[in-house]
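To start, the structure under review is shown below, and the notes come after it.
The first residue in the sequence is number 1, and the count goes up from there. What's counted below: heavy atoms across the whole structure, side chains too, no hydrogens, waters or symmetry copies. In each ligand, atom 1 is the first atom listed, and ligand 1 is the first ligand listed.
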Amino acid sequence: MSAIIQASPLEKFSQEPLPTGDSCVLVIFGASGDLTKRKLIPGLYNLACVGCVNPEFEVLGIGRTPMSSEEFRKKTGEAAAQSKDTRDFSESGWTDFERRLHYMVGDINDRKFYQQLRGRLEGMEKNGSSPNHLFYVSTPASVAAPIIEGLGAVGLNRRDHGWARIVLEKPFGRDLDSAKGLNEVVREVFDEKAVYRIDHYLGKETVQNILVFRFSNSLFEPVWNRNYIDYVEITAAETVGVENRAAFYEETGALRDMVANHLLQLLALTAMEPPVAFDADSVREQKVQVLRSIRPISVEDVARFTIRGQYGPGIIDGKRVPGYRQEPGVNPISATETYAAVKFQIENWRWAGVPFYIQTGKRLARNLTEIRVHLKPTPQALFAGTSSRIAPNVITIRIQPDEGIEIAFDAKRPGTQLRTVTVQANFCYQTSFGSKGPVAYETLLLDSMRGDATLFTRRDEVEAEWRIITPIEEAWAQLAPSDFPNYAAGDEGPVSWNELLEIRGSSTEQLLR
Ligand code: BG6
């Protein structure tokens, strides 16, 4: 049963003028890679189609693969036409857009290359290109440092006219020490205000809406604390496997790939205090406070508070798929986890005693990312004599797919007897707005062109994330998993979520301890 909460029609908002990015040359390192084809170029194309990029906006792709600008345009055009992120692809729209794209072959480990890059950018500027430079490091974190140092060595980090900014892709380091090391390199070369550490979850409409839901309605904030909330579940389940990223995934695993950034960000937004203003520093300050309040999990506690898993062969969408160890490029005795679940405790006045259960995995039964906030049962079981069980309220923030928010509550089932039933009030983006809005990379690329860092992670935030994750990684590394693979592709994971809750304490009372 569901009641639709109708939101205001979007037409009202579409009258507002759309923002436009500053003029700039976006220099993409890793331009021949997957992210550029699948996410960055489609996002930029969408922005250009709706007039959000400046007339003086251009892209200079840098890659090791030799190709001409013509070939780069052709390759990215074919990918954009296929990408599910591209809206309304048309030949004429692409022809108009592709003239902004240029390509340059370069070895990022060769110091001489940075002189050539500087020469190329100066040449472009003489021919009328923008003096502003937005560097986008879309390469593995291990090669981010030489790029940053290379840019610094030739003075591309600071401009006497125009600006220079740098966008860094996740994962930012692979543990606390490497993240600190990379942050030092960044600090020596760029001002923190010019640094945009990207976590694309923060660009998702539904993720941005968490703050609006919490802080622009008076209904929810009074109950958003340990007095009313029993526990919180954050799940990011994917049906895809490792795809063609074995080399990256083998050294990353589910905990680093998803929990260390995307899921800790969801947790921080769910648990943070209201910021004094909606600006970069106020929002990030509150998020970092939450991350710093998470109780560190000691090596001895890791077995009690975490679960890891790896998929074996199984069935997804009716088709047989190989196990992780059989995927091309994966070590046949790999100990890399493709599933991770962690119970976090936040030690502050608002959340003490409320567990946050985080889980993520590849090749699971469903594609779903959501936050479920479970409220406590009512203090008095007034209707306990009825034959049906009274379920506590649950607020579900559906990040994707089927974006929306659902509130489950009890109602009397019509009839002569008093029976209760759980019903849902359901807000659905598609029904209320007719669309899901811009894709995450579109929002974040535009923000970085406009100089708005609110949706990017700050240096101390990234280090706080690694401070939480590193002890778990270390404990897991010390004790090789003996039961991998421990779930079949298409399963719910090594144990279903409900079983996990039961293992941790089956009753609400136990969960609170
Ligand atoms: C990326 C991870 O950051 O996020 C991938 O590296 C994962 O492994 C992806 O599949 C999930 O993003 P989304 O937007 O599809 O939920």
- [ ] Compute the ring centroids of Y339 and Y311, then answer whether they are less than 6.0 Å apart.
- [x] no

Task: F278/F215 aromatic ring centres below 6.0 Å - done: no

Which pairs would a plain distance check flag for residues 473-482, meaning a side-chain donor or acceptor within less than 3.5 Å of a matching protein atom at least two apart in sequence or in another chain?
| from | atom 1 | to | atom 2 | distance (Å) |
| --- | --- | --- | --- | --- |
| W476 | NE1 | T306 | OG1 | 3.2 |

Open item on the list: If you apply the rule side-chain hydrogen bond (donor to acceptor under 3.5 Å, both in side chains), what do you find for R197 with N261, and how did you get there?
Closed with: CA-CA 11 Å; R197 295 175 191 80; N261 33 70; over 6 Å; no

Open item on the list: A cation-pi test, strictly: NZ or CZ of K170 under 6.0 Å from the centre of the six-membered ring of F172 and no more than 45 degrees from its axis. Yes or no?
Closed with: no

Task: Electrostatic pair D34-K39, nearest N-O below 4.0 angstrom - done: no

TODO: Give the protein residues with at least one non-hydrogen atom closer than 4.0 Å to an atom of ligand 1, ordered by chain and number.
DONE: K170, H200, Y201, K204, E238, R245, D257, M258, H262, K362, Q400

